[in-house]
Protein chains: 2
Amino acid sequence: MSQSHTDVSAEVIEAEACPVAEVLDHVAGKWSIGIIVAAAHGPVRFTELERAINGISRRMLTLTLRKLERDGLLQRTVYPTVPPKVEYELTDMARELHSTLASLTDWAERHRHAIAAARAAYDATAGQPV
Amino acid sequence: MSQSHTDVSAEVIEAEACPVAEVLDHVAGKWSIGIIVAAAHGPVRFTELERAINGISRRMLTLTLRKLERDGLLQRTVYPTVPPKVEYELTDMARELHSTLASLTDWAERHRHAIAAARAAYDATAGQPV
DNA sequence: CGGTATCCGTTCTGATACTG
DNA sequence: CAGTATCAGAACGGATACCG
């Protein structure tokens with residue numbers, strides 16, 4: 001990093017954007033948020049998540065779960081019972097993230113329509129339909 | 001929405017996660033955040049962004065710029081001067097987002113080490129090195 | 001200056017099938 | 001119940017070259 005701070009902007013990018021981008025890269029997977037939200041109110045089991053998220057494949061659920069676990073956002077607990085039982089619970093860190101995500105949710109909700117409108121306008125103006 | 005609230009989780013997902021996921025899908029591109037941050041302190045030109053973000057290709061810059069513009073996050077102004085001049089500026093909506101992103105940045109900074117540690121621990125425990 | 005077009009490798013996702 | 005394995009297709013991202 002820092003190969004010659006010829007201009008200030010570059011520093012801003014490196015100082016602010018990188019950490020977030022890195023985190024978001026892990027949080028912004030197509031399903032991560034859904035899982036964090038679903039696990040926010042307590043430990044959840046694999047199948048519960050599968051049903052709750054509706055649309056996610058077993059594969060993606062597993063992959064996303066692993067990624068979140070690896071990043072220390074999810075704690076995985078295995079109960080060696082006869083029918084296997086595994087519970088996923090948010091770590092403190094993730095719970096904080098969940099709170100933080102709230103303002104983003106809020107922003108998203110508040111501007112959802114504006115975004116949709118902007119998109120429609122853009123498509124109508126720039127990408128003249130066939 | 002609401003296809004039969006058999007269980008609460010599903011509703012939470014549909015009510016909260018979807019809009020955010022949708023938004024984050026647009027904001028979480030590898031470069032979107034960088035551009036938003038870089039444009040936060042005023043209108044920027046194409047080339048400025050290209051230099052500021054360092055590592056981005058012309059193609060990705062254009063694509064990301066278009067995406068953000070389409071979503072109404074960026075306003076593109078073309079000055080029909082002899083050497084073409086185009087400026088990109090955050091819309092009010094995007095400026096709000098930028099503020100919101102701050103808490104996420106904060107979270108990321110505060111837990112960066114914890115995440116790295118968790119990852120290292122996970123790799124050491126679960127994915128026994130060759 | 002500010003793009004667009006094309007090629008190409010990598011990553012992400014989903015569908016399906018099998019297992020401890 | 002809670003995964004893992006494999007495969008194929010779509011989307012993403014980078015490099016390069018050309019254009020108004």
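All values derive from a computational prediction rather than experimental measurement.
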note = Protein heavy-atom contacts under 4.0 Å, written 5' to 3' over nucleotides 14-20 of chain C as B (base), S (sugar-phosphate only) or - (none), form the string BB----B
ask   = Of all nucleotides in DNA chain D with an atom under 4.0 Å from a non-hydrogen atom of chain B, which is the first and which the last going 5' to 3'?
value = dG13(D) to dG20(D)
message = Applying side-chain contact (heavy atoms from CB on, under 4.5 Å), can you list everything that pairs with Arg66(A), at least two apart in sequence or on another chain?
response = Thr62(A), Glu69(A), Arg76(A), Tyr88(A), Tyr122(B)
ask   = If every non-hydrogen atom of Pro43(A) is compared with every non-hydrogen atom of Glu48(A), which pair is closest and at what distance?
value = O-OE1, 4.3 Å
Got [X] and [Y] here, is their nearest side-chain heavy-atom distance under 4.5 Å?
X	Y	value
Val86(A)	Thr77(A)	no
Trp31(A)	Leu61(A)	no
Arg119(B)	Asp71(A)	yes
Met60(A)	Lys30(A)	no
Leu104(A)	Leu101(B)	yes

task = Report the residues that fulfil salt bridge (charged side-chain N to carboxylate O under 4.0 Å, His left out) with Glu50(B), sequence neighbours left out, ordered by chain and then residue number.
result = Arg58(B)
task = For Arg59(B), check salt bridge (charged side-chain N to carboxylate O under 4.0 Å, His left out) against everything at least two apart and list the hits.
result = none
task = Supply the atom-to-atom distance Leu97(B) CG to Ile33(B) CD1, rounded to the nearest 0.5 angstrom.
result = 7.0 Å
Positions of residues 62-76 of chain B (non-hydrogen atom under 4.0 Å from DNA chain C), listed by number = Thr62(B), Arg66(B), Arg76(B)
ask   = Taking OP1 and OP2 of dC1(C), is either one under 4.0 Å from a side-chain nitrogen or oxygen of Tyr88(B)?
value = no
